[in-house]
Amino acid sequence: MPSRLDDINEQRKKTLQRLRGLGINPYPNRYPQTHTTQQAIAQLEETEARETPQRGKETEPVSVAGRITAMRKMGKSSFLDVRDVSGKIQLLLQNSNFNKDQQELFKDLDIGDIIGVEGKLLRTRTGEPTIAVGEFTLLSKSLQPLPEKWHGLSDTDKRYRQRYVDLIANNEVKEVFKVRSRVIASIRQFLDKRGFIEVETPVLHSSAGGALAAPFVTHHNALDQDLYLRIATELHLKRLIVGGFDKVYEIGRVFRNEGISTTHSPEYTLLESYEAYADYTDVMEMQEQMIYHICKQVLGTAEIKYGNNTIDLKPPWQRITLRDAVKEYGGIDYVSYPTAAGLREKMRSLNMEADTNKNWAKLVDELLKTYVRPKLIQPTIVFDYPASMSPLAKNKPGKERVVERFQAVAGGLEIDNAYSELNDPIEQRERFQEQMKDRHGDEEEQWTIDEDYLTALEYGMPPTGGLGVGIDRLVMLLTNQQSIREVILFPQLREKP
RNA sequence: GGGCCGCUAGCUCAAUUGGCAGAGCAGCUGACUCUUAAUCAGCAGGUUACAGGUUCGAUUCCUGUGCGGCUCACCA
């Protein structure tokens, strides 16, 4: 008797043969549904509300389709659970309602099969909304057994590699990706309403710019030219600002050839927006309004649970300068230690790790990441960064070494990053050159200065406020997920041998 | 790439000091006309991730490999 996977497959294939022998097509082409499972339940409730609520009250027939996720056979009548994208509904199938062929077909139904049913809605004795099935049709025969009904599928490896099984077995996973979809729709709605234009810029770049991550390299055969998958959309979007699109945004995948972690994926979705004649204070307000709006629209509340914390996204968010934040949470005023050596020494005196290879900017970044960000649970705008950390950001008037830049942090996650865009072409060139000096060895050849971007700036870019939002991390925050893989449908995994 | 942890039936998990590898769900046979983790009786299902080693004997101890998780590094 079958139990091993192979035997189960074998047995189901025999069932297929048998059905075909009976003249039943196990994979028909279409099925007209009148309702989703939840619409059917809603209709039942509506009928009950309109007429005198009465147990066993029947309604107009509905037809729904979905996957069988449970079967409770009780002799001449059986209860099945059927699940579609909206949820699940119970079916009641009574042998006495069916002719001989249908009784045979019913015997060959398995958990996992996809069926369409037609029947009237009623409530069972226990109050469960149920379709009393008059007719049913096999829509797709399943040859694989489903994971256990109670615990679902929990092996992360299998969940990520075979996400379709995860989605069948674990309903809460489906909810996460529904939220993700609504978040992105909500962002578009918010920006479109403010007069932003959505654009698409190239994914294949001849020079990987706009961030400092290592790029993926590919090759175009006809052009015989190496190309890089974009690591940011920034430099192209700002070209469009030069061209006169005053408010633009792009939601797109960017690719960074770096380590994978619970907050880093080699490909992830980035929203970047640019608004002419605005500075970073305007962007601060816009982004907190946007995230508040999204959260309210998608979740119905701006108070969310993340891990053990409750986070209130209602603006205005707390604001603190990077200098004050590092002083408060790290105990160091980095302005008093203007050299890498001096700052490193101070950090070590406080028992902090300070890599000898790191320059001053990277040490400050280390302080931010390790000592400040994890403490920032409520949404917080950390602003005014050292110029050396931010080669594309504009100086703060009157403060030589500070740029107008901020990052918003919530739940310890970096949600976005924004600045007043540097539009002085001469200074931008100097900053790029400064940046190039830091690069050595293998990395060096991957980096070139984007000359065309500098030329664009020479034509004149209006003062501009730019924003970059990590969509995956935002979705993590809104769905209370601790790993970025939980919000990416098909996360990158090592190929199995 | 480093460190730690994990990998046992299709799924979720057991297995005492190193001593016959077990259960629930799923599957198969049967009973049952309001069940919902249905119930009841019975049956079947294993290269314990892989390759070595120690041992009379290894799921268990050791080494290596693979894959995954967490973490560190990298990611302005």
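- Look at the P atom in both G24(B) and G19(B): the space between them is 24 Å, to the nearest Å.
- With both pairing distances under 3.5 Å, G68(B) is matched to C5(B) as a Watson-Crick or G-U wobble pair.
- Between the P atom of G1(B) and the CG atom of Asp355(A) lies a distance of 20 Å, rounded to the nearest Å.
- For the residue pair Pro266(A) and Gln492(A), the shortest heavy atom distance occurs at CG-CB, 3.9 Å.
- With rounding to whole Å, Ile8(A) atom CD1 is found 15 Å from C25(B) atom P.
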Please report the C-alpha distance between His264(A) and Glu258(A) in whole Å, then the side-chain angles of each, then the deciding distance to 0.1 Å, and finally whether the side chain to side chain donor-acceptor pair (under 3.5 Å) criterion is met.
-> CA-CA 8 Å; His264(A) 295 84; Glu258(A) 305 285 353; over 6 Å; no
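- Checked by atom type and distance alone, the side chain of Trp360(A) never pairs as donor or acceptor with a backbone atom of Gly342(A) at under 3.5 Å.
- Using a 4.0 Å heavy-atom distance criterion, Tyr268(A) is classed as making no nucleic acid contact.
- Nearest nucleotide to the Ser96(A) side chain, out of C70(B), C28(B), U33(B): U33(B).
- When the nucleotides U33(B), A76(B), A37(B) are ranked by their closest atom to the side chain of Gln94(A), U33(B) comes out on top.
- Distances were taken from every side-chain heavy atom of Pro147(A) (C-beta onward) to each of A73(B), C11(B), G10(B); the shortest belongs to C11(B).
- Across all strands shown, Tyr160(A) has heavy atoms under 4.0 Å from sugar-phosphate atoms exclusively, and none from any base.
- When the nucleotides C75(B), C25(B), U35(B) are ranked by their closest atom to the side chain of Met74(A), U35(B) comes out on top.
- C11(B) sits 37 Å from A73(B) when the C1' atoms are compared, rounded to a whole Å.
- At G69(B), one or more side-chain N or O atoms of Arg485(A) fall inside 4.0 Å of OP1 or OP2 (strictly under the cut-off).
- Side-chain nitrogen and oxygen atoms of Arg4(A) include none within less than 4.0 Å of the OP1 or OP2 phosphate oxygen of A44(B).
- The closest donor-acceptor contact from the side chain of Glu250(A) to the backbone of Thr201(A) lies under 3.5 Å.
- Using a distance-only test at 3.5 Å, with no hydrogens or angles considered, no donor-acceptor pair links the side chain of Asp113(A) to the main chain of Lys141(A).
- Distance Leu368(A) CG to C75(B) C1': 14 Å, rounded to the nearest Å.
- Here G57(B) sits opposite no nucleotide as a Watson-Crick or G-U wobble pair (both hydrogen-bonding atom distances under 3.5 Å).
- Contact annotation: Gln11(A) reaches the phosphate of C28(B) (side-chain N/O to OP1 or OP2, under 4.0 Å).
- Closest to the Ile111(A) side chain, of the nucleotides C75(B), G27(B), C11(B), is G27(B).
- When rounded to the nearest whole Å, the span between CD of Glu128(A) and P of A38(B) equals 12 Å.
- The Lys158(A) side chain lies nearest to G10(B) when the options are U12(B), G10(B), C74(B).
- Side chain of Leu5(A), nearest nucleotide from G10(B), U12(B), C28(B): G10(B).
- For His264(A) and C75(B), a side-chain-to-base donor-acceptor distance below 3.5 Å is present, hydrogens and geometry of angles not being considered.
- A23(B) and G45(B): their P atoms are spaced 12 Å apart (whole Å).
- Between U33(B), U35(B), C25(B), one nucleotide has an atom nearer to the side chain of Arg125(A) than all others, and that is U35(B).
- Among the heavy atoms of the strands lying under 4.0 Å from Thr262(A) are primed sugar atoms or P, OP1, OP2 only; no base atom is included.
- Atom P of nucleotide G45(B) and atom CG of Asp6(A) are separated by 14 Å, given to the nearest angstrom.
- For Arg161(A), taking side-chain heavy atoms from C-beta onward, the closest of the listed nucleotides C75(B), G68(B), G10(B) is G68(B).
- Taken to the nearest 0.5 Å, the NE2 atom of His35(A) stands 11.0 Å off from the OG atom of Ser86(A).
- The residue Lys88(A) sits apart from the nucleic acid: no heavy atom pair falls under 4.0 Å.
- Among the atoms of the strands shown, none is found under 4.0 Å from any heavy atom of Asp81(A).
- When the P atom is compared between U17(B) and U12(B), the two are found 27 Å apart, to the nearest whole Å.
- In this structure, C25(B) forms a base pair with G10(B), meeting either the Watson-Crick or the G-U wobble geometry with both donor-acceptor distances under 3.5 Å.
- In this structure, Arg159(A) reaches neither bases nor backbone, as no heavy-atom distance under 4.0 Å exists between it and the strands shown.
- Between Glu234(A) and Arg12(A), the residue anchored closer to the 5' end of RNA chain B is Arg12(A), taking for each the nucleotide with the nearest heavy atom.
- Phosphate contact (OP1/OP2 of A38(B), side-chain N/O of Arg72(A), threshold under 4.0 Å): present.
- Under the 6.0 Å distance and 45° angle rule, Lys396(A) does not count as a cation-pi partner of Tyr280(A).
- Listed pair Lys73(A) / U39(B) fails the phosphate criterion, with no side-chain N or O lying under 4.0 Å from OP1 or OP2.
- At the heavy-atom level, Gly210(A) lies under 4.0 Å from base atoms of the strands shown.
- Among the heavy atoms of the strands lying under 4.0 Å from Leu493(A) are primed sugar atoms or P, OP1, OP2 only; no base atom is included.
- Within 3.5 Å, a donor on the side chain of Gln90(A) pairs with an acceptor on the base of U35(B), or the reverse.
- Going from atom CD of Glu486(A) over to atom C1' of G68(B) covers 13 Å, rounded to whole Å.
- In this entry A51(B) has U63(B) as its Watson-Crick or G-U wobble partner, both defining distances falling under 3.5 Å.
- Going from the P atom of U60(B) to that of U55(B) covers 16 Å, rounded to whole Å.
- Taking the P atom of each, A26(B) and A41(B) are spaced 15 Å apart, rounded to whole Å.
- Under the 3.5 Å distance criterion, the side-chain polar atoms of Arg405(A) are left unmatched by any main-chain donor or acceptor of Asn417(A).
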Take Tyr385(A) and Asp365(A) through the test side chain to side chain donor-acceptor pair (under 3.5 Å) and record every step on the way to the result.
-> CA-CA 10 Å; Tyr385(A) 281 57; Asp365(A) 196 47; over 6 Å; no
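- To the nearest whole angstrom, the two P atoms, one in U65(B) and one in C5(B), are 16 Å apart.
- Considering all non-hydrogen atoms of both residues, Ser207(A) and Ile449(A) come closest at OG-C, 4.5 Å.
- Look at CD on Gln162(A): it is 12 Å from C1' on C11(B), rounded to the nearest Å.
- Checking A15(B) for Watson-Crick or G-U wobble geometry (two distances, each under 3.5 Å) identifies no partner in any strand.
- Under the Watson-Crick or G-U wobble criterion, with both distances below 3.5 Å, G30(B) is paired with C40(B).
- Atom P of A58(B) sits at a distance of 14 Å from the matching atom of G18(B), rounded to the whole Å.
- Distance Arg494(A) CZ to G1(B) C1': 10 Å, rounded to the nearest Å.
- Distances from the side chain of Ser154(A) to the nucleotides C25(B), C13(B), C28(B) place C13(B) closest.
- If you find the closest nucleotide of RNA chain B to Lys369(A) and to Lys76(A), the one lying nearer the 5' end belongs to Lys76(A).
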